[in-house]
Number of protein chains: 2
Amino acid sequence: MVVDELSDETVDRLFHALADTTRRDILRRCVRGKLSVSRLAEAYPMSFAAVQKHVAVLERAGLVSKQRSGREQLVRTDPDAVGRARQALDELESAWRGRVDRMARLLAEDPTAEEPEAPGTEENDTPEGPRR
Amino acid sequence: MVVDELSDETVDRLFHALADTTRRDILRRCVRGKLSVSRLAEAYPMSFAAVQKHVAVLERAGLVSKQRSGREQLVRTDPDAVGRARQALDELESAWRGRVDRMARLLAEDPTAEEPEAPGTEENDTPEGPRR
DNA sequence: CTAACGTACAACCAAATGGTTGTAGATGAG
DNA sequence: CTCATCTACAACCATTTGGTTGTACGTTAG
């Protein structure tokens, strides 16, 4: 696996999905379990549709996947997903912290990872415009 | 340092603050630099007030602190802040992944960290109601 | 002192968010 | 077949968010 660079939109969706207590709770519940959406919904003081939307947000962020089983839709947390969130933090942090220690972790868990060129290119006032 | 448990609101604010490209960019810019808000604002295709609001969001999340210097307000990223985000992920992940490997990392970077009691308390269907 | 600068904050607006209810389509149980 | 269940999705609503402009205030430069 080559640890692709995460796009801004991807990171936006990732962190936004994690920025809600209910959604984080859903993640915890669905690591093992593969709960159906309606089963999940029983656990929260809100409507089925609301939980359905939360699951959709998690799904768009790639934190969760759904698997049809009969008339039920089983929700399952992607165990690697939190790893991608961690990668997003690593990429943020790599802008200042040594890089090397983080690089070490990356290389440790994936020997085929390519090294992201040397730092030193520290232009700090490029007025490029982020979206929105 | 004792690695206090992060409250739900804290984690909400943390991830929400990170879920925006502009804000993440501000974080990268202000690690070294301590840019003033107006200096920062020059870098983005939006008004000064808008950037001011982004900084406020980062500040409420504890990712950034402001330090008055004459008539300028210097913004500085808290280097430990990303560590707290990482801790939030750890606490999420600890619900399933072994705990031990993550614990190892925590202990490695801070020998005084206390261990957060044994697992095994895996109640997975408590219908407690998250806020909002 | 005066003017320019940097900041703070209020008021306003459009769009997104998080929630609701209602309707309709599949699927499994009896 | 019929009915209950699970899901999907649209429509709607209140609040928040991310942006704007305008005004006011403290501080530094000249």
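Lettering follows sequence order; numbering is per chain, from 1.
- Annotation: of the two residues near DNA chain C, A/A49 and A/S69, the 5′-most nearest-nucleotide partner is A/A49.
- The side chain of A/H16 has C/dT17 as its nearest neighbour among D/dG18, C/dG19, C/dT17.
- Within a 6.0 Å sphere centred on CZ of A/R39, other residues, nucleotides and ligands contribute 12 heavy atoms or fewer.
- Rounded to whole Å, atom P of D/dT27 lies 7 Å from atom CZ of B/R68.
- In this structure, A/D12 places its CG atom 15 Å from P of D/dT17, rounding to the nearest Å.
- Straight-line distance from the CD atom of A/E59 to the P atom of D/dT7: 13 Å, rounded to whole Å.
- Remark: P of D/dT16 and CZ of B/R13 are 15 Å apart, rounded to the nearest angstrom.
- DNA chain C is contacted by both A/R23 and A/R71; A/R23 maps to the nucleotide lying nearer its 5′ end (nearest heavy atom per residue).
- In this structure, B/K66 reaches the C/dA8 phosphate: one of its side-chain N or O atoms is under 4.0 Å from OP1 or OP2.
- Here A/R39 lies out of heavy-atom contact (under 4.0 Å) with every strand.
- Between B/E72 atom CD and C/dT7 atom P there is a gap of 6 Å when expressed in whole angstrom units.
- At distances below 3.5 Å, not a single donor-acceptor pair connects side-chain atoms of B/T77 with backbone N or O atoms of B/V64.
- In this structure, B/S47 reaches the bases: a heavy-atom distance under 4.0 Å links it to at least one base atom across the strands shown.
- The phosphate of D/dC9 has neither OP1 nor OP2 within less than 4.0 Å of any side-chain N or O from A/Q52.
- Between B/D80 and B/R84 no salt bridge is recorded (no basic side-chain N to carboxylate O distance below 4.0 Å).
- Comparing D/dA8, C/dG18, C/dT20 by their closest approach to the side chain of A/D20 singles out C/dG18.
- If you check D/dT20, C/dG6, D/dA8 against the side chain of A/F48, the one that comes closest is D/dA8.
- Of the residues listed (A/R23, A/K53, A/R24), the one engaging A/L58 in a side-chain contact (heavy atoms from CB on, under 4.5 Å) is A/R23, and it is the only one.
- For C/dG18, the OP1/OP2 oxygens have no side-chain nitrogen or oxygen of A/T22 closer than 4.0 Å.
- Whole-Å rounding puts the B/M46 CE to D/dT17 C1' distance at 13 Å.
- Comparing C/dG6, D/dT7, D/dA11 by their closest approach to the side chain of A/K53 singles out D/dA11.
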